[in-house]
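Note that ligands are numbered from 1 as they come in the structure, with each ligand's atoms numbered from 1 the same way.
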Amino acid sequence: MNFIRLRKNNLWVDNILAIKLAKKYKTPFYCYSHSQIQNNFEALNNAFKAVNPMICFSVKSNSNLSLLKELKKMGSGADVVSIGELLKATKAGINNKKIVFSGIGKTEEEIRMAIKKGVLLINVESESEVNLINNILKNTSKKISIGIRLNPNVAGKTHQKISTGGKDEKFGLIYKDFINLSKKIIKMKNLKLEGISVHIGSQITNVQPFKKVLSAINKIINKTRINFKFIDLGGGMGISYSKKEKQINLLEYAKAVSKFIKNKKTKIIFEPGRFIIGNAGILITKIIHIKKSNKKYFIILDAGMNNFMRTALYGAIHQIIPLKKTNNSFKGNLSFVGPVCESSDKFLNEKKFSKLAIGDYVAIANVGAYGMSLSSNYNSRPTIAEVMVKGSEHKVIRQRQSLESLINN
Ligand code: LLP
């Protein structure tokens, strides 16, 4: 079900006409559909019903506080990778026992905070991290739950820059190191080895790599004979960014996981980001100039790579939708670009599009995940607002940064 859709030539977000929002809020701004988020969250839960997983939303994909509060109401936990994300998740009211702390470079300050908050699991990625945690705890009677992140040597079959599971990547511990570290942790009085975690990359649309990961985990369990209380399968479930690209088959994945946990007493954890929020967000932007140059029409938007980085960073293709489609079309070489002084500040090339004029609005689609969270002040432009639409209501859930705050540093 799509809650952000073109109907009779108008783009709608839940029950609101996007053009109405564009006229009310200063562009560019992010806009999210609450119904879509809920729909995605439930779709994931339903597909994995037999497994009854703990869903820990990956905060890095979108860390808006109001959004985290909504996810908390839906029953989500959080996967965090920094002290900032941890404090945001707890501020949103997410139960500490539903928070997993991941990441390869946790600092002492971050580990102390995770211990203080009593998170469910600290997923470690190196021996030195284990030593650091052990040192922090050595004069206490505390016992902290630890997961080890396995590097399963499975490539996620995704964009090279978002693949994390290959043996040459910096993430996790390869088989032999995992076994050695697990032996060491078991002997430490302040640590409880309760989890095994993996995350092989993002935007994975094929179930095959996930199946290989399950086999790699089984190999570890057979070798160590540890009954891990938690098996954290990470995130990575891919969504459809274009007609050619199909969303991952969740039912097939769920079937594999059900088979995997048969005869195991373990709780499955997922850390999805993109699957929950990716298609629930659009970036509404205005055309500020149209310039013809050497047979090409540059459609210059007020949103740039500072607001949305995925295209410049990964060459990711995001569809652009007119808020009001006309019956006449614009034919020719169109290039939608931003105002930033970089040639990589471009979004999409099209050969045919609804007729456009200066002052019209368009939406960059499927930007809910890694949109706002990757944005910056590059070219000294303020960070932009975020708006949540819920049914027929809408409200700002992050104010646009003021020029005053921008120019203070
Ligand atoms: N768990 C861990 C340990 C992760 O590193 C990540 C993402 C996730 C969960 C969530 O993955 P998801 O379900 O969203 O695929 N900026 C890139 C994506 C980077 C992903 C980093 N890690 C992009 O825009 O495509």
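- Salt bridge annotation for E252-K211: present, with a cationic side-chain nitrogen under 4.0 angstrom from a carboxylate oxygen.
- For the pair K219 and Y175, the distance from NZ or CZ to the six-membered ring centre is under 6.0 Å and the angle to the ring normal is within 45 degrees.
- Taking the six-membered ring where tryptophan is involved, the planes of F210 and Y253 are essentially parallel, since the angle between them stays under 30° and well short of 60°.
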> Should F308 and H318 be marked as a ring-ring contact (aromatic ring centres under 6.0 Å, His included) after you check the CA-CA gap, both sets of side-chain angles, and the distance that decides it?
Replying inline: CA-CA 10 Å; F308 184 67; H318 286 256; 4.7 Å; yes
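- Checked against a 3.5 angstrom limit, the closest N/O atoms of G236 and ligand 1 fall inside it.
- In summary, the atoms of ligand 1 found under 4.0 Å from a heavy atom of R274, numbered by their order in the structure, are 12 (P), 13 (O), 14 (O), 18 (C), 23 (C), 25 (O).
- Listed by atom number, the atoms of ligand 1 under 4.0 Å from G235 heavy atoms are 9 (C), 13 (O).
- Between the side chains of N10 and K324, at least one donor N or O sits under 3.5 Å from an acceptor N or O.
- Note: no N/O pair closer than 3.5 Å links R149 and ligand 1 by distance alone.
- By the 30° and 60° cut-offs, the orientation of the rings of Y32 relative to Y30 is parallel.
- For ligand 1 and D79, the ligand atoms under 4.0 Å from any heavy atom of the residue are 1 (N), 2 (C), 9 (C).
- Residue-ligand proximity, E271 to ligand 1, at heavy-atom distances under 4.0 Å covers atoms 1 (N), 2 (C), 3 (C), 8 (C), 9 (C), 10 (C), 13 (O).
- Test F347, F298, F353 against F336 for ring-ring contact (aromatic ring centres under 6.0 Å, His included) and you get one pass: F353.
- Listed by atom number, the atoms of ligand 1 under 4.0 Å from Y314 heavy atoms are 16 (N), 17 (C), 23 (C), 24 (O), 25 (O).
- Residue P272 approaches ligand 1 through these ligand atoms, each under 4.0 Å from one of its heavy atoms: 13 (O).
- Note: an N/O pair closer than 3.5 Å links Y370 and ligand 1 by distance alone.
- Residue contacts with ligand 1 for S202 involve both N, CA, C or O and side-chain atoms from C-beta outward (heavy atoms, distance under 4.0 Å).
- Each of the atoms 12 (P), 13 (O), 14 (O) of ligand 1 lies under 4.0 Å from some heavy atom of G273.
- More than 12 heavy atoms of other residues, nucleotides or ligands sit less than 6.0 Å from atom CD1 of I226.
- The distance criterion of under 3.5 Å between nitrogen or oxygen atoms is met by K60 with respect to ligand 1.
- The shortest N or O to N or O distance between S61 and ligand 1 is not under 3.5 Å.
- For H394 and Y25, the ring centers are positioned less than 6.0 Å apart.
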